[in-house]
Amino acid sequence: MLINLNEERNMSDQSSNSKWPQFPQASMQDWKTSAAKSSPNKNPDALGWQTPDDIFLKALYTKDDVKELPFVETLPGFEPFLRGPQATMYAARPWTIRQYAGFSTAEESNAFYRKALAGGGQGISVAFDLPTHRGYDSDHPRVTGDVGKAGVAIDTVEDMKILFDQIPLDQVSVSMTMNGSVLPILAGYIVAAEESGVSQEKLSGTIQNDILKEFMVRNTYIYPPEPSMRIIGDIIEYTAAHMPKFNSISISGYHMQEAGANQSLELAFTLADGKEYVKTALNKGLDVDDFAGRLSFFFAIGMNFYLEVAKLRAARILWWRIMKEFAPKNQKSLMLRTHCQTSGWSLTEQDPYNNIVRTSIEAMAAIFGGTQSLHTNSFDEAIALPTEFSSRIARNTQLIIQEETHITSVIDPWAGSYMMEKLTQDMADQAWEIIQEVEKMGGMTKAVQSGWAKLKIEAAAAQKQANIDMGKDVIVGVNKYQLDEEGDVDVRVVDNIQVRDNQIARLKAIKASRNSELVEKALQEITKAAQNESGNLLQLTIAAIRLRATIGEVSDALEKVYGRHRADTQKVTGVYAAAYDSAQGWEKLQQEIAQFGDQFGRRPRVMIAKLGQDGHDRGAKVVATAFADLGFDVDMGPLFQTPEECARQAIENDVHAVGISTLAAGHNTLVPDIISELRKQGGKEIVVFVGGVIPKQDYEFLYEAGVKGIYGPGTPIPASAKDVLENIRKALE
């Protein structure tokens, strides 16, 4: 039988043009009556979700929810940029696939970057080790356990040249997560490019340069807030004049969410930080259009899918609203452009292959929200540094979405959704209230200096942890659907001692071969500029780095004037207990702690400590809050202690136990050191326990060193508290 294609097409056209059957239009009351039959307590209004942001996400949205909204019918590429900063978005150019990585030596990291680029990566995102962040050279006595562990060790421009060897810096954009040592690191990148034949004006990428966030959450600061803002202003000024393709700042909410902030807090504080940086640049005498178009943002994307999509859409209209106050003439000055990274905190040590699914969902949220670039975390990052295998899966997650799904064909596909449009506006309104609260305080610098912003984030973190420990917030494989037995996962191991020895040898060779007199003069010029508040600090640092000044020497030159910032160790109280359900055994554990006090004449006393240069203190603060709410006496050690300092404080405070919180892979060096110091100083009866990101294969080593308890990610705090109490009791009996 011959088929007439034209005849079939005509029949199809007639069918598609025919009218649909008529149907009766149901009312909202009809729906409520029907929905009540299967709703809790027969109340359909109870369906939905009360978000951590105090926004109620309804189970059903209709056109009535969007009829009063101001921005529903806007277009991408046009004010207020709700639907994206570019008219064509991914339909013309997909987001940039970045791979955030750095470990061990510059040689090893360089090899990783080159493989990632060859495997489909489109940009480099550099992770530096903690000594580099904190302005210490690798030979400094305070950084023994940290060199090369949570990022790449960089001491001089020679390390930077190796890091980018055979990578065309005029073609590949480079993002650098750096805040404390931002001057020597950015200068090192500029000089390394220069000496490879790439001039400054050809460089593209981003330096994070977001110091206000560091005082709230991540703590890789060096100097106090006010001089740190001077540094930011000088960098914006220099890059505006000499580096037209380079983003001078990446205003980051990522680490706020990782530290516990909900989406509206992350959004509000990030944009308030951005406003503060704009004011700083204007105070330098710059025109807003000279720099605003090169500002970029950086958000975390967690597992609250709808909220994350709405957050990115809301961020663009809020930044447009903020920037309108400064009356820019260039439309680019009104646009928010952002990089996103999937959540590290949402990854679990338990049943870790679930993390591949989590990262995929988070990546989709970032893409539906309209990010300009994206890093997807590797599934093993709750255990250790990612391997090449896990990194390839993370990178391929983006490649599959980009190449196989056709998601990129449609611009802002959530536009017009009753739910998403209303949620976007709700998120914007919630964040705007917080931004106005910050403004009443005098801006974000004042809010940070007062400690208010940090405490808001810590309270949210404590609330979240209590919800997880109670099972209100489900984490598959952690507090529900647990495996009976966990399998082993291969992890990357960095030989910290070998890396440090190599770095020290290289430092000695460079210092022996350079002109020390010229280096000293260049460093003195930096100190003088800091004292006199004159000259541009980045320009002077570039001159010093060309002469082979080290990261630590530049930092010391500024520290002579600015000093080192010391953080306040205050903690929130009552939040964890208020969220916890006594039916879960909370009151029973409180009674056991009270009985301990009756038996031994005082309550159990613990000191929660961070050793080395690891400033990630979410876990430490949450544990301190929960232990205090249970009835322990709790001391918080200051950040960045050496084992010797920690042991001395523990003994002076007469504590029963020291809890070491670790997220930066220095535990195999620093934990045995604190145990040794306690014994040396007369505190051998003090119990030592450890919590954080610790590979299972390290447990036996730590137990043999004398650790009494190890609590990885996902351990319920009451369970760890009970174990600590029992170990203290054993030590005393």
Side-chain angles (χ1 to χ4, degrees), residues 81 84-86 93 95-100 122-128 164 169-179 181-183 185-190 192-193 198-214 229 231-255 270-271 273-278 280-282 284 286-299 312 315-316 319-320 322-323 328 330-341 366 370-375 536 538 542:
F81 308 108
Q86 305 299 328
R93 180 184 175 186
W95 65 93
T96 300
I97 298 173
R98 290 195 183 278
Q99 202 79 13
Y100 178 57
Q122 298 156 353
I124 293 171
S125 192
V126 182
F128 298 95
F164 296 119
L169 294 178
D170 54 345
Q171 299 170 39
V172 176
S173 70
V174 175
S175 172
M176 292 177 285
T177 301
M178 177 52 64
N179 302 282
S181 296
V182 63
L183 285 170
I185 286 296
L186 181 53
Y189 166 67
I190 290 167
V198 179
S199 56
Q200 295 177 31
E201 68 271 9
K202 294 179 182 176
L203 295 173
S204 63
T206 305
I207 188 85
Q208 192 163 100
N209 195 25
D210 176 10
I211 203 65
L212 288 176
K213 167 261 301 176
E214 296 297 322
M229 293 296 285
I231 291 169
I232 286 171
D234 281 10
I235 289 171
I236 293 173
E237 179 184 54
Y238 183 90
T239 53
H242 302 287
M243 303 172 71
K245 295 182 179 180
F246 196 80
N247 299 323
S248 56
I249 191 167
S250 175
I251 305 150
S252 173
Y254 182 86
H255 302 99
T270 304
L271 298 185
D273 280 352
K275 185 174 183 179
E276 198 84 343
Y277 296 139
V278 170
T280 298
L282 293 175
K284 293 285 293 183
L286 296 175
D287 183 278
V288 67
D289 289 320
D290 289 342
F291 65 89
R294 302 310 317 167
L295 302 178
S296 69
F297 289 80
F298 175 27
F299 289 105
L312 296 186
R316 290 191 287 271
W319 187 243
W320 165 80
I322 287 168
M323 291 306 294
N330 189 332
Q331 283 252 313
K332 288 185 177 179
S333 299
L334 299 167
M335 296 177 183
L336 180 142
R337 297 164 302 110
T338 190
H339 170 70
C340 289
Q341 181 175 338
T371 188
Q372 277 60 67
S373 68
L374 178 62
H375 166 81
N536 185 284
L538 178 54
I542 291 170

Check: With a 3.5 Å cut-off and no angle check, do the side chains of Gln208 and Lys213 form a donor-acceptor pair?
Finding: yes
Margin query: So, using side-chain contact (heavy atoms from CB on, under 4.5 Å) as the criterion, who are the partners of Asp234 when residues are at least two apart?
Written below: Arg230, Glu237, Lys284, Asn536, Leu537
Notebook entry, point to check: How long is the span from the CG atom in Asp290 to the CG atom in Leu282, to the nearest 0.5 Å?
Noted result: 10.0 Å
Checklist line | Evaluation steps, side chain to side chain contact (heavy atoms under 4.5 Å, CB included), between Leu334 and Lys332 | finding: CA-CA 5 Å; Leu334 299 167; Lys332 288 185 177 179; over 6 Å; no
Item checked: Note, Leu374 side chain near Ile97 side chain (heavy atom, < 4.5 Å) -> no
Margin query: Between Ser373 and Arg337, is there a side-chain donor-acceptor contact under 3.5 Å, judged purely by atom types and distance?
Written below: no
Checklist line | Side chains of Asn247 and Thr239 in contact at under 4.5 Å (non-hydrogen atoms) | finding: no
Notebook entry, point to check: Of all heavy-atom pairs between Leu336 and Ala315, which one has the smallest distance, and what is that distance?
Noted result: CD1-O, 3.6 Å
Note to self: Working to the nearest 0.5 angstrom, can you tell me the gap between Phe298 CZ and Thr206 OG1?
What the structure shows: 10.5 Å
Margin query: When you compare the side chain of His375 with that of His339, does any pair of heavy atoms fall below 4.5 Å?
Written below: yes
Check: Any idea which heavy atoms bring Met323 and Ala292 closest together, and the distance?
Finding: CE-CB, 3.8 Å
Notebook entry, point to check: Quick one: CZ on Phe246 to OG on Ser296, what's the gap to the nearest 0.5 Å?
Noted result: 9.0 Å
Margin query: Once you measure the plane-to-plane angle for His242 and Tyr238, does it fall in the parallel (<30°), tilted (30-60°) or perpendicular (>60°) bin?
Written below: tilted
Check: Donor-acceptor pair, Glu201 side chain versus Ser199 backbone, under 3.5 Å?
Finding: no
Item checked: Separation between CH2 of Trp95 and SG of Cys340, rounded to the nearest 0.5 Å -> 11.5 Å
Next item on the list: Would you please test Ser173 and Arg98 for side chain to side chain contact (heavy atoms under 4.5 Å, CB included) and show each step?
Entry: CA-CA 9 Å; Ser173 70; Arg98 290 195 183 278; 2.7 Å; yes
Note to self: I'd like to check Phe299 versus Thr371 (side-chain heavy atoms, cut-off strictly below 4.5 Å). Are they in contact?
What the structure shows: no
Note to self: I'd like to check Val174 versus Leu169 (side-chain heavy atoms, cut-off strictly below 4.5 Å). Are they in contact?
What the structure shows: yes
Next item on the list: Determine the minimum heavy-atom distance between Thr96 and Gln122, stating which atoms define it.
Entry: CA-OE1, 3.4 Å
Next item on the list: Might you work through the side chain to side chain contact (heavy atoms under 4.5 Å, CB included) test for Ile249 and Ile207, ending with a clear yes or no?
Entry: CA-CA 6 Å; Ile249 191 167; Ile207 188 85; 5.9 Å; no
Next item on the list: Kindly indicate whether the side chain of Trp319, heavy atoms from C-beta on, has any atom under 4.5 Å from the side chain of Met335.
Entry: no
Check: If you take all heavy atoms of Gly253 and Thr270, which pair is closest and at what distance?
Finding: CA-OG1, 3.0 Å
Item checked: Residue list, salt bridge (charged side-chain N to carboxylate O under 4.0 Å, His left out) with Glu276, at least two apart or on another chain -> none
Margin query: Under a 3.5 Å cutoff, is there a donor and acceptor pairing between the side chains of Ser252 and Asp210?
Written below: no
Note to self: Distance check, rounded to the nearest 0.5 Å: Ile190 atom CD1 versus Ile185 atom CD1?
What the structure shows: 11.5 Å
Check: Rounded to the nearest 0.5 Å, how far does OG1 of Thr280 lie from CD1 of Ile235?
Finding: 12.0 Å
Notebook entry, point to check: Can you find a heavy atom in the side chain of Tyr277 that is under 4.5 Å from one in the side chain of Leu295?
Noted result: no
Check: For Asp289 and Ser333, which heavy atoms make the closest approach, and how far apart are they?
Finding: OD1-OG, 2.6 Å
Note to self: Between Phe164 and Val126, is there a side-chain heavy-atom distance shorter than 4.5 Å?
What the structure shows: yes
Next item on the list: Verify, without hydrogens or angle tests, whether Asn209 (side chain) and Asn179 (backbone) share a donor-acceptor contact under 3.5 angstrom.
Entry: no
Next item on the list: Of all the heavy-atom pairs spanning Val172 and Gly123, show the shortest one and how long it is.
Entry: CG1-CA, 4.3 Å
